[in-house]
Each structure stands twice: as C-alpha cells, then as structure tokens.
Amino acid sequence: GQQVMQIPQYQHVQEGEDFTTYCNSSTTLSNIQWYKQRPGGHPVFLIQLVKSGEVKKQKRLTFQFGEAKKNSSLHITATQTTDVGTYFCAGPTPGSARQLTFGSGTQLTVLP
Amino acid sequence: GAVVSQHPSRVICKSGTSVKIECRSLDFQATTMFWYRQFPKKSLMLMATSNEGSKATYEQGVEKDKFLINHASLTLSTLTVTSAHPEDSSFYICSANIAGGFYEQYFGPGTRLTVT
C-alpha cells in the first residue's frame, strides 16, 4: 500500500533558526496537504499543493511540491516558540474518494 | 469557518462498558467524516470512513462490531466503543470534509478515552 514518510522524526532548533521537514510518498500524488498539531491539540489544516513544482508561502512558512509529485517540503524561516508542534504531510489514499494517508510526522521543538 | 466539535473531550470508563463519542460539523455539511486513533507521539491511524446515510467503511484490522459508527446526518457522526478494554484507551479524533469541497480535512479537538 501507499506509504508516506517524513524526515526527520524529531527536530530541536534554537529560536530564530530555520527548520525543514521533508515528505516522501511511495506513489504519485494528485495533491499534498500539510497539517500542524500543537502539543495536546488536534491537527489543523495548513495548506494544499496541487501543481507539480508548486511553491506556496504563508508568512514564514514555505511549502513546496516536487516536480514528480511524490515529495514535498515545509520550510520555516526564523522559528518562533509558537511554531512548536508536529507537522504532518498527507496525500490522497489511492482508490479512495476522500481518505488521506498521513505521514509519520516531524515533531518540532523550539528552544527559547 | 469549518469548525468540528467533538464530545466528550475526556472520558473514563470501566472495562466492559460502552462509550459514545460525538463528532459534529458546526458550520458546514460533511458528507464524509473520518475516525482516527492516535497513540502518543505517533501519527494518525485511520479507523473508519463514515458516510452519511450509509454504512461506514472500516480499515483492515478494525473491528466493526467493537467500534460502531453511525453517520445519521450531514453534521453528525458517532463512534461507540463497545465493551471497552484497557487497550482501547487512546486519543480518538474525528475529521470531516466539506461537502463539494476539496480533500482537506477539518479535525475535531479529540477525545481522550481511558478504560480502567
């Protein structure tokens, strides 16, 4: 079945440093989504990328969808303590109408 | 917009009892809702897909007779954990798609179930 892997699993950064998480799918994706889950909270939808090579920005967050539509990245510039949480990528599950396969997640800790 | 509520947020029950968890889309209609289980520091594990007016579709390994799902309306899905055991203790989260929208899912705040 489809696998969606993320690296790294954990990342500790000093506040102000940059952070990047990478997402790789075993299958080509029609779109890729990113979610953020704060500690003790629930996943919150951040963004969806659809086009090959697409790049989208949300303030300090930059999302990229690979040319082959099998990988994606999320880059945070100058991290802040509010960025703490686990970041998940997710892609449509093959053969399903609306199911998503979530990546393993990257847990970000920002040290003040 | 796109707010999903879940109730209760926390529940403690005794082994052998049943617990019902409600998931509601507050400001949109959801033809499809999803139920996930999440273990500490782990990713989301899809348990079942709940379709309004039809039977839920369960993922492999999920017992449909133990985890009863009902999607009675476009804004409400319920998950009932029957004859709960301590190993059912977990964080259960529901999510919903907006009818006619794209694939993104909007999650409820989750329910922490502890079975003693």
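First the proteins, then the strands, lettered A, B, ... as listed; each starts at 1. From a predicted model like this one, the values you see are computed outputs, not experimental measurements.
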Around Tyr22(A), counting heavy atoms of other residues, nucleotides and ligands shown, do more than 12 lie under 6.0 Å from its OH?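 Counting neighbours around OH of Tyr22(A), 12 or fewer heavy atoms of other residues, nucleotides or ligands fall under 6.0 Å, so no.
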Step through the shown structure and confirm whether more than 12 heavy atoms of other residues, nucleotides or ligands are within 6.0 Å of CD1 on Ile12(B).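 Not buried by this count: 12 neighbours or fewer within 6.0 Å.
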Relative to chain B, which segment of [X] carries a heavy atom at a distance below 4.5 Å: side chain, backbone, both, or neither?
X         : answer
Phe102(A) : both
Gln37(A)  : side chain
Thr86(A)  : neither

Do the side chains of Tyr10(A) and Lys41(B) get nearer than 4.5 Å, heavy atoms only?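 Yes - at least one pair of side-chain heavy atoms lies under 4.5 Å apart.
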Compare all side-chain heavy atoms of Ser96(A) with those of Thr49(B) and state whether any distance is below 4.5 angstrom.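 Answer no - side chains too far apart.
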[X]-[Y] co-clustered via ILVMFWY side chain contacts under 4.5 Å:
X        : Y        : answer
Leu49(A) : Leu74(A) : yes
Trp35(B) : Val11(B) : yes
Val62(B) : Tyr36(B) : no
Phe65(A) : Ile47(A) : yes
Met33(B) : Leu76(B) : no

At a 4.5 Å cut-off on heavy atoms, which part of Glu59(B) comes close to chain A: side chain, backbone, both, or neither?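 The answer is the side chain of Glu59(B).
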Under 4.5 Å heavy-atom distance to chain A, tell me which part of Gln38(B) shows up: side chain, backbone, both or neither.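 Answer is side chain: those atoms of Gln38(B) sit under 4.5 Å from chain A.
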Roughly how far, to the nearest 0.5 Å, is the CG atom of Leu100(A) from the CG atom of Leu44(B)?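 The distance works out to 10.0 Å.
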Measuring from His42(A):NE2 to Thr111(B):OG1, what's the distance to the nearest 0.5 Å?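 Output value for this atom pair is 12.0 Å.
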Who wins among Gly110(B), Pro109(B), Ser95(B) for the most heavy-atom pairs under 4.5 Å with chain A?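 Top count of heavy-atom pairs under 4.5 Å with chain A: Pro109(B).
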Is the backbone of Gly103(A) close enough, under 3.5 Å, to the side chain of Ser43(B) for a donor and an acceptor to pair up by distance?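 Flag set: sc Ser43(B) to bb Gly103(A) pair under 3.5 Å.
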Do you know the tightest heavy-atom contact between Phe34(B) and Arg98(A)?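 Shortest heavy-atom contact: CZ-O, 3.4 Å.
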